[in-house]
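Order of the sequence lines sets the chain letters (A, B, ...), proteins ahead of strands, with each chain counted from 1. All values below come from the heavy atoms of this structure, side chains included, with hydrogens, waters and symmetry mates left out. These numbers were taken from a predicted model, which means no experiment stands behind them.
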Amino acid sequence: MSATSTSGQAGAGQSLAQALKQRSRAAAFPAQVALGLLVLLWGLGASHYTGFASLQVLLNLLIDNAYLLVLAVGMSLVILSGGIDLSVGSVLALSTMVAAWLLQVAQWPPLAVVAAVLLMGAGFGALMGGLIHGFGLQPFIVTLGGMFLARGLCYLISINSITIEDPLFVALSQTQIPVLGGFISPGALIALLLLALGIALAHWSAFGRTVYALGGNEQSALMMGLNVGRAKVLIYSCSGFCAALAGLLFAFYMLSGYGLHAQGAELDAIAAVVIGGTVLSGGYGYVAGALSGVLVLGLIQTLIAFDGSLSSWWTKIVIGALLFVFCVVQRLLSRRAAS
Amino acid sequence: MKPAQAVLELTGIHKSFPGVKALSDAGLRLYPGEVHTLMGQNGAGKSSLIKVLTGLYTPERGEIRLDGRIVRPRSTREAQALGISTVYQEVNLCPNLSVAENIFIGRHPRRWGRIDWPAMEGQAAALLADMELTLDVRAPLHSLPLSLQQMVAIARALSTQARVLILDEPTSSLDEAAVQSLFALLRRLRAQGMAILFVTHFLDQTYAISDRITVMRQGEREGEYPCSALSRLALVNKMVGAPAPEPCEDLSTERGSTAPPPAPPAASPQERGEAWLQARGLGRRGALQPLDLDLHRGEVLGLCGLLGSGRTETARLLFGADPADSGSLSVAGQRLRLRSPRDAIAAGIAFCSEDRKHEGAILALSVRENIVLALQARAGLRRVLSAAQERELAEGFVRSLGIKTASIDTPIGLLSGGNQQKALLARWLATDPALLILDEPTRGIDVRAKEEIMDHVTALSRRPDGQGMAVLFISSELPEVLRCSDQLLVLRDRRASGEYRRGSLDERSVLAVIAGTDATAPPAALHTPAALELAA
Amino acid sequence: MSGVDLTQPLRRKRVRAPAPSPAQQPWQRLRHWAGRHALLQPLAALALLLLVAGISVPGFFALELKDGHLYGSLIDILNRAAPLMLAAMGLTLVIATRGIDVSVGAVVAIAGTVAATLVLAQAPLWQALCAALGAALVCGVWNGLLVAGLGLQPIIATLILMVAGRGLAQLCADGQILTVYSPASFFVLGGGYLLGLPVALFVVAAVFIATQLLLRRTALGLFIQAVGINPVAARLAGLRTTALIFLAYVFCSLCAGLAGLMIASNIKSADANNAGLLLELDAILAVTLGGGSLAGGRFSLAGSLVGALIIQTLSYTIYSLGVPPEVNMVVKAIVVFAVCISQSTAFRSKGQP
């Protein structure tokens, strides 16, 4: 490969395999694969089931998975920096519980509740980030502990679910915003806005570029004079913030706070990020991949539901299989690149 | 002509760690518009001095003056802000980011609060153009070959308005063409008034690019010389330590009236017979040029050369620790394919690494466990020795090698460096190898112990039944190598420079070979006084 | 050697070996109790916990013999800790090789479901048990191939099975909780008694003894520690690092499979959704409480058992005190943080560069 061009020369005599090999070296390749997969699944659904190929089905995907999209945006940042956050599902549940409790029991005004919950999520994440950087601990064990801490706190507040009856929350839960001939929920809109914010952050802010640098080579980032400690705390704080926001969206959707909410959501978020093209070891990928990943996961679930004959836990198996394929392919590609 | 004031001046720098004195009264003077090379052997203090300059180490004593002002950089960021930029051997950039971003990260140009990508890419392209490089600044760094990645690292250093550019062993992984383009760039920078500190151990390169040379030895500045006034031989002498009579005299006074007997000679060339191990064209890209090597049982082959000349690389190839790109190995007449150290050990090869902390000692395990490890690994899971036999084996080695340890169950991490090395040697001797490769086995060991070890090893190789070990002995200490070796192979700049039989070289002539002043002259010619006068 | 005094052979012997320096002697004395020294801390913690429980829970130490079976809080704790002890033993070896396995919970679910499905389909018990352990073996091979063969990070490789494993178990069980009514021999593993004590304890003891023998009598224990402490040096010393790491994951999954059988036998059903849920954290915590280092190398099988007992005693005490069991999770999380921080090098070497 010459130094003066990124894409390979499309020589006339190049075979398909060679061309594919060269394309696979481009950074955007995993993301392109995700998009391809999305189109493939969509086509599959549209061809097999009537009523599938409507805009509302796509919009429903966004409505149902708004919380997952928000989680995936936060998780993207963490994974891009080379870390992992296993606590987001539990922080989501904790957020629903705290919101429900503050609204129903403490009778706080809804906007104050929203602010408090978001602050709590950010603080929780910052605490974990501080432990990870301050003591040099591995992210997975700290966030695994955080996962249990958050769920435990959830149950400490209340074992049973607390129904939310606040008028603002109820209104947000039922509002349908008309768009392009269909409708979308405020939650989905918020999720899309956050996605845009995440993309802007990753591409246009110094913090976002530090995230990529950390994922590329943390030692180099340190030697280049980047403030690694502050970045790490911010990254996990963002993830916690996203988990809290996802919790609020979930609360809009389910109108309850419950400790059993979103069990395993962190794994779904990780799967969405990986399928969307972000490499698990960090440094490569795009925040926009969160959207394609979430849509792929949602489509799989919808396809299985439409099919009716497949039991719903096939979803877990398929997600696991996809995760496996993506991880292995990423690993093989990186091994080939290294040699 | 040199301006009166140095742009960077270090005086009286002291830095020590528990048990180790890294720098003692070290100093350096750097003027604008020059390439100043810092040279020294392993442990001389080069990298410590660089770390002091870049803020990674804080010296206990001494001062650093930049343009006459005293400065105390406490982190890499502070050093950079002061105008001291460093480019390291392992290009410390992020492979996933683009060229432009690697140059400007941390200082992105902004517009309306956001990063201005077009401006950044434009500035990067302009900077590279100044360096006479055309690169696609949007390409990810990992798509460039290492030499160009290094150029990008230099571009980053330059973009920070550096006053001093430090290049820490930048050419170790570069090929000839890349080195030439790097030097062309350095000459251009020098003409623009940049002060460049260049750290390397390649002699040819030093003489190709330097204006002045500072030699470091044992943590001190040995001296500062204009390049033109220092011959290669003199430089090597100063780095290695001139072959002074003191060490030999010390030995003889310690031992009493009897002078240390020279190691008994091996069989004469005619009686040697077939080589036990033959390497032909053995090489590895970026590490070692293809070379030929013959190792005979009952003989010690000494491998000498400066640090970085390819000695450890040769050893690792022979042991299967690194895969060879070219060449072949045969043992006792049979082709040997080495895929991993296990294959080598099974063939009867043992390797005592120079990096005992990272490649040798399993620190938390006991001395006994470390000693039996290789023997046990070769045998698999089934225990080859009973607990009592293990203790006997370990204690035997503790006695014969003089390992100072409270007991054989002490964790090896608690032993001093020298004793750890002895325990690791015991590990390999326990496997009764046919070929023992020793990489700097006596580093960090006191004088008497050095001799004991080498005598022990030599005796093992001289066993009368023809089953003596073949030994490959790598060391920076020339008197030792000369004393113990039957055959000497000199390496320079990653290639074999000459092979000599015992007795045909003395210390001064070996230094000349290492320095490369005698590339074509046959060894006999070195002994004429005229040649010596020219070389000295 | 001159001046040999034949009347004092002892002195002659001591001249040969170098005398230990004064600074090393107290250390040497401590090291003399090395085997027990490493276990001392977790045992002390357990003793303290038992004391607290004894004080706060009336009749904690009471044991009574009824129908030839021993009953009491202590027996309950031991019984309920048995699956955790198995999982912790398996995880000990994996963590010792610098790895981690978060799929143990999923493997528990898979094993229980496979066994229950076969038993309900009228297959003989031994077939069901073998199939269940076989399924666990396959899981271990899978994890081992990904980590040792492909070089995937252990957390990621085992995360895949954690996600997909439960789905597989649910598929096998068709989403139902499979209740087993017969044969009665199915319940022996988790609920039976032998010589007055639960069978589960004997199984754990058997696995412990067998593993400990394997680790100490062969060189396996030495090899695993070497690989975990310094994989580079281990490779250069000729160890088969890949095979060792692979074996660790296989062993871990087998232990998890056995634990799954025990749980299924105990609750007389296979619940693919909840069996083994959150077992991973408990097992990791047990290993670290027992003295194993998360960074690899140093490990103690007995320590992991003690760690599992500590966790179970804690849960039991909390439950008996009437405190909501969810406090359990919070306490465990805090202990995880505390143990990790205390093990971290940054904490140990404050102020060193």
Close side-chain approach of [X] and [Y], heavy atoms under 4.5 Å:
X        : Y        : result
A:Ile270 : C:Leu159 : yes
C:Ile100 : A:Phe140 : yes
A:Leu323 : C:Ile156 : no
A:Leu137 : C:Phe337 : no

Side chain, backbone, both or neither: which part of [X] has a heavy atom under 4.5 Å from chain A?
X        : value
C:Ile284 : side chain
C:Ile155 : side chain
C:Gln153 : side chain
C:Leu285 : neither
C:Val163 : both

Using a cut-off of under 4.5 Å on heavy-atom pairs, state which of A:Ile317, A:Leu156, A:Leu267, A:Ile84 scores highest against chain C.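 It is A:Ile317.
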Minimum heavy-atom distance A:Gly320-C:Ile160, with the two atoms named: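 It is O-CG2, 3.6 Å.
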Checking heavy atoms, do the side chain of [X], its backbone, both or neither come under 4.5 Å from chain C?
X        : answer
A:Ser281 : both
A:Val328 : both
A:Leu131 : side chain
A:Gln330 : neither

Decide yes or no on side chain to side chain contact (heavy atoms under 4.5 Å, CB included) for C:Val336 and A:Leu144, but give the supporting numbers first. CA-CA 9 Å; C:Val336 163; A:Leu144 192 64; over 6 Å; no
